[in-house]
Asker: 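Right, I'll just put the structure down here and ask away after.
Being a predicted model, the structure only gives us computed values, none of them experimental.
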Amino acid sequence: MQFAAQTGFSCVELMCWPVSKAERRYAGVTHIDVTTFDKSKAADVKAQIEASGAFASGLGYYPNALSPNADEAKAAVEHIKKVIRAASLLGIGRMNTFIGRDWTKSVDDNWPRFLKTWKPIIKFAEDQGVKVGIENCPMLFTRDEWPGGKNLGTTPAIWTRMFSDIPSDNFGLNYDPSHMVWQQMDYLQPMKDFASKLFHVHAKDVRIDRDRLNQVGIMAHPLEYHTPKLPGLGEVNWGRFCSVLTDAGYRGPVCVEVEDRAYEGSLDTRKDSLRQSHRYLRNFISG
């Protein structure tokens with residue numbers, strides 16, 4: 001939080017994974033342990049956040065709450081509720097996550113379980129005064145996630161269905177344009193169509209290797225033909241993106257999500273990735 005403020009960022013999305021060894025890349029980070037969170041611990045965390053000079057844009061935890069492994073799914077749901085509760089105690093009011101998915105089944109075959117699992121979660125979030133933002137990452141990168149991916153909430157057609165079947169002002173999106181790009185989809189139109197559902201935004205870019213895509217096709221594992229990059233180093237037009245985002249009425253947080261492996265060699269290079277992203281995005285984002 002202090003580094004973010006010193007660099008010029010106004011906010012940080014804080015991660016709240018259960019304390020354990022990460023089971024996948026970019027997972028398992030525990031900025032706040034919400035396992036036994038209470039008002040006393042919330043007061044301590046609040047004080048640290050306020051002293052940092054930045055604010056918390058939301059609490060993040062991205063598991064598979066619809067996993068075919070019943071124990072994994074149950075643990076994910078229970079912890080999602082703990083993160084929502086912590087967001088309420090901290091007065092943050094925003095929690096970001098995935099829907100989850102049984103990747104071996106179709107969208108339609110996942111739907112009954114989605115409704116059974118997520119209706120109570122969103123009702124709990126309403127009671128806690130917390131908005132839940134679903135990131136649109138398909139989680140479709142490695143062999144164990146094939147063919148359907150481990151997150152259901154990935155496309156405008158599915159979002160329309162989700163928000164129709166669970167109509168709630170507390171159920172929306174944590175929107176990341178990069179995932180639309182590598183799926184060969186328009187990343188601007190959803191911000192217009194789902195303006196009222198934009199709760200949180202991730203700033204991440206992606207570079208498509210067209211020559212490789214021409215060789216392997218879109219049915220290949222996506223990491224065979226695309227590479228996550230820092231904002232400005234890929235195919236997202238960030239000036240146009242921010243223009244549409246602000247025209248849609250969005251005034252919420254935009255958080256840099258670093259998955260650019262060119263910057264992962266050391267702590268210093270990871271810090272450099274954030275400094276570079278800040279300098280670039282300040283051309284389009286103020287505050």
Asker: Regarding T35 and D33, is there a side-chain donor-to-acceptor distance under 3.5 Å anywhere?
Answerer: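 Yes, D33 and T35 have a side-chain donor paired with an acceptor closer than 3.5 Å.
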Asker: Apply the test side chain to side chain contact (heavy atoms under 4.5 Å, CB included) to residues R261 and K229: give CA-CA distance (whole Å), side-chain angles for both, the deciding distance (0.1 Å), then the verdict.
Answerer: CA-CA 8 Å; R261 297 192 185 187; K229 300 300 295 180; over 6 Å; no
Asker: Could you tell me whether K41 and D38 have a side-chain N and a carboxylate O separated by less than 4.0 Å?
Answerer: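 Looking at K41 and D38, the cut-off is not met.
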Asker: Using side-chain heavy atoms (C-beta onward) and a distance below 4.5 Å, is M180 in contact with P156?
Answerer: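 M180 vs P156: side chains touch.
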Asker: Please answer whether the main-chain N or O of F124 pairs with a side-chain N or O of K81 as donor and acceptor at a distance below 3.5 Å.
Answerer: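 Flag not set: sc K81 to bb F124 has no pair under 3.5 Å.
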Asker: Is the ring pair H179/W182 parallel, tilted or perpendicular, if the boundaries are 30 and 60 degrees?
Answerer: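 Geometry flag for W182 against H179: perpendicular rings.
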Asker: Using atom types as modelled and distance alone, determine if a side-chain donor or acceptor of N283 lies under 3.5 Å from a backbone N or O of Y280.
Answerer: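 At least one qualifying donor-acceptor pair exists.
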Asker: For residues 218-226, tabulate all N or O donor-acceptor pairs below 3.5 Å that involve a side-chain atom, not counting sequence neighbours.
Answerer:
{"unit_1": "E224", "atom_1": "OE1", "unit_2": "R212", "atom_2": "NH2", "d": "3.2"}
{"unit_1": "H226", "atom_1": "ND1", "unit_2": "P222", "atom_2": "O", "d": "2.9"}

Asker: Using side-chain heavy atoms (C-beta onward) and a distance below 4.5 Å, is P68 in contact with D102?
Answerer: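 The answer is yes; the side chains approach within 4.5 Å.
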Asker: Got a donor-acceptor contact below 3.5 angstrom from the R94 side chain to the L59 backbone?
Answerer: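 Pair absent, no side-chain N/O of R94 close to backbone of L59.
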Asker: I'd like to check K119 versus K123 (side-chain heavy atoms, cut-off strictly below 4.5 Å). Are they in contact?
Answerer: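 Not touching, per the 4.5 Å side-chain cut-off.
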Asker: Are the aromatic rings of Y61 and W17 close, with centres under 6.0 Å apart?
Answerer: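 Yes, close enough.
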Asker: Quick one: pull up CG in L198 and OH in Y250 and give me the separation to the nearest 0.5 Å.
Answerer: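 L198 CG to Y250 OH: 7.0 Å, rounded to 0.5 Å.
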Asker: I'd like to know if V256 and Y26 are part of one continuous hydrophobic network [Ile/Leu/Val/Met/Phe/Trp/Tyr, side-chain heavy atoms within less than 4.5 Å].
Answerer: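 No, it is not one cluster - the side chains of Y26 and V256 are not joined through contacts under 4.5 Å.
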Asker: Taking T117 for its side chain and R113 for its backbone only, find out whether a donor-acceptor pair lies under 3.5 Å.
Answerer: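 Yes.
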Asker: For T160, is there any backbone N or O sitting under 3.5 Å from a side-chain donor or acceptor partner on S164?
Answerer: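 The answer is no, because no donor-acceptor pair under 3.5 Å joins these two groups.
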Asker: Do other residues, nucleotides or ligands put more than 12 heavy atoms under 6.0 Å from the CD atom of Q215?
Answerer: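 Not more than 12 within 6.0 Å, no.
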Asker: Within the supplied structure, the quantity of interest is the number of heavy atoms (other residues, nucleotides, ligands) at a distance under 6.0 Å from D169 CG; does it exceed 12?
Answerer: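 No, not enclosed.
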Asker: Have a look at W103 and tell me which of L140, D144, N110, N64 forms a side chain to side chain contact (heavy atoms under 4.5 Å, CB included) with it.
Answerer: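 The single option meeting the side chain to side chain contact (heavy atoms under 4.5 Å, CB included) with W103 is N64.
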Asker: Within a reach of under 6.0 Å around CZ of R240, are more than 12 heavy atoms found that belong to other residues, nucleotides or ligands?
Answerer: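 Not buried by this count: 12 neighbours or fewer within 6.0 Å.
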Asker: Show the nearest heavy-atom pair for residues A56 and I92, with the distance to one decimal.
Answerer: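 Reported closest heavy-atom pair: CB-CD1, 3.6 Å.
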Asker: Tell me, with the steps shown, if W111 and L152 meet side chain to side chain contact (heavy atoms under 4.5 Å, CB included).
Answerer: CA-CA 9 Å; W111 210 255; L152 197 63; 3.8 Å; yes
Asker: How long is the gap from CD1 on I49 to CG on L14, to the nearest 0.5 Å?
Answerer: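 Between atom CD1 of I49 and atom CG of L14 there are 5.5 Å.
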Asker: Consider only side-chain heavy atoms of I, L, V, M, F, W and Y, link residues closer than 4.5 Å, and tell whether F55 and I32 are in one cluster.
Answerer: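 In one cluster with F55: I32, no.
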Asker: Whether the side chain of N170 engages the backbone of V130 through a donor-acceptor N/O pair (distance < 3.5 Å, no angle test) should be reported.
Answerer: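 Pair found, side chain donor or acceptor close to backbone of V130.
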Asker: If you apply the rule side chain to side chain contact (heavy atoms under 4.5 Å, CB included), what do you find for I80 with Y62, and how did you get there?
Answerer: CA-CA 9 Å; I80 285 172; Y62 299 84; over 6 Å; no
Asker: What do the steps show when you test L233 against D205 for side chain to side chain contact (heavy atoms under 4.5 Å, CB included), and what is the final call?
Answerer: CA-CA 7 Å; L233 299 184; D205 217 328; 5.6 Å; no
Asker: Check C11 against C255 and note the closest heavy-atom contact, atom names and distance.
Answerer: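 Distance-wise, the nearest heavy atoms are SG-SG, 3.9 Å.
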Asker: Could E145 and R101 be called an ion pair, given the rule that one side-chain N must be under 4.0 Å from one carboxylate O?
Answerer: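 Salt bridge flag = no for R101 with E145.
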Asker: Decide yes or no for V45 and L90: does some side-chain heavy atom of the first lie under 4.5 Å from some side-chain heavy atom of the second?
Answerer: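 They are in contact (side-chain heavy atoms under 4.5 Å apart), so the answer is yes.
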Asker: Say whether Y263 and D268, considering side chains only, have a donor N or O and an acceptor N or O under 3.5 Å apart.
Answerer: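 No, no side-chain donor-acceptor pair sits under 3.5 Å.
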Asker: Y175 and H202: ring-ring contact (aromatic ring centres under 6.0 Å, His included), yes or no, with the steps?
Answerer: CA-CA 6 Å; Y175 187 63; H202 277 173; over 10 Å; no
Asker: Can you tell me how far the CD atom of E78 sits from the CD1 atom of I121, to the nearest 0.5 Å?
Answerer: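 E78 CD to I121 CD1: 10.5 Å, rounded to 0.5 Å.
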Asker: Measuring from atom OG of S52 to atom CD of E50, what distance do you get when rounded to the nearest 0.5 angstrom?
Answerer: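 Between atom OG of S52 and atom CD of E50 there are 9.0 Å.
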Asker: Indicate yes or no: does E126 engage K131 in a salt bridge with an N to O separation below 4.0 Å.
Answerer: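 Salt bridge between E126 and K131, a charged N being under 4.0 Å from a carboxylate O: no.
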Asker: Taking all non-hydrogen atoms of both residues into account, name the closest pair between V34 and A86 and its distance.
Answerer: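 In this case the closest contact between V34 and A86 is CG1-CB, 3.5 Å.
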Asker: Could you tell me if the side chain of D176 sits less than 4.5 Å from the side chain of V201, heavy atoms only?
Answerer: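 No, side chains not in contact.
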Asker: Is the closest side-chain heavy-atom distance between Q276 and K271 below 4.5 Å?
Answerer: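 A side-chain contact under 4.5 Å is absent here.
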Asker: Is there a side-chain contact between S57 and H200 in this structure, where contact means two heavy atoms from C-beta onward sitting under 4.5 Å apart?
Answerer: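 Contact flag for S57/H200 side chains = yes.
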Asker: Any side-chain to backbone donor/acceptor pair from R282 onto I285? Under 3.5 Å, distance only.
Answerer: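 Yes, the answer is positive, given that a donor and an acceptor are paired below the 3.5 Å cut-off.
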Asker: Closest approach of T154 and Q183, non-hydrogen atoms and distance?
Answerer: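 Shortest heavy-atom contact: O-NE2, 3.9 Å.
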Asker: Between N151 (side chain) and E135 (backbone), is there a donor-acceptor pair under 3.5 Å?
Answerer: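 Yes, N151 side chain to E135 backbone: donor-acceptor pair under 3.5 Å.
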Asker: Salt bridge check, D260 against R207: does any charged N sit closer than 4.0 Å to a carboxylate O?
Answerer: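 Salt bridge between R207 and D260, a charged N being under 4.0 Å from a carboxylate O: no.
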Asker: Decide whether F199 and L245 are clustered together by the hydrophobic rule: side chain heavy atoms of Ile, Leu, Val, Met, Phe, Trp, Tyr closer than 4.5 Å, transitively.
Answerer: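 No; tracing contacts between hydrophobic side chains, which count when under 4.5 Å, never links both residues.
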Asker: If we ignore hydrogens and angles and just use 3.5 Å, is the side chain of T269 paired with the main-chain N or O of S266 as donor and acceptor?
Answerer: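 Pair found, side chain donor or acceptor close to backbone of S266.
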Asker: So do the side chains of W159 and P190 get within less than 4.5 Å of each other, counting heavy atoms only?
Answerer: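 Yes; the side chains approach each other to less than 4.5 Å.
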Asker: Find the distance between NE2 (H278) and CG (L230) and round it off to the nearest 0.5 Å.
Answerer: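 One finds 14.0 Å between NE2 of H278 and CG of L230.
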Asker: Tell me whether the guanidinium CZ or amine NZ of K150 lies under 6.0 angstrom from the six-membered ring centre of F98 and within 45° of its axis.
Answerer: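 No cation-pi geometry.
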Asker: Donor-acceptor pair, distance only, cut-off 3.5 Å: does the side chain of R270 make one with the backbone of G265?
Answerer: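 Here the side-chain-to-backbone pair does not exist.
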Asker: Could you measure the distance from the CG atom of L89 to the CD1 atom of I84? Nearest 0.5 Å is fine.
Answerer: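 Answer for the CG-CD1 pair, L89 versus I84, is 12.5 Å.
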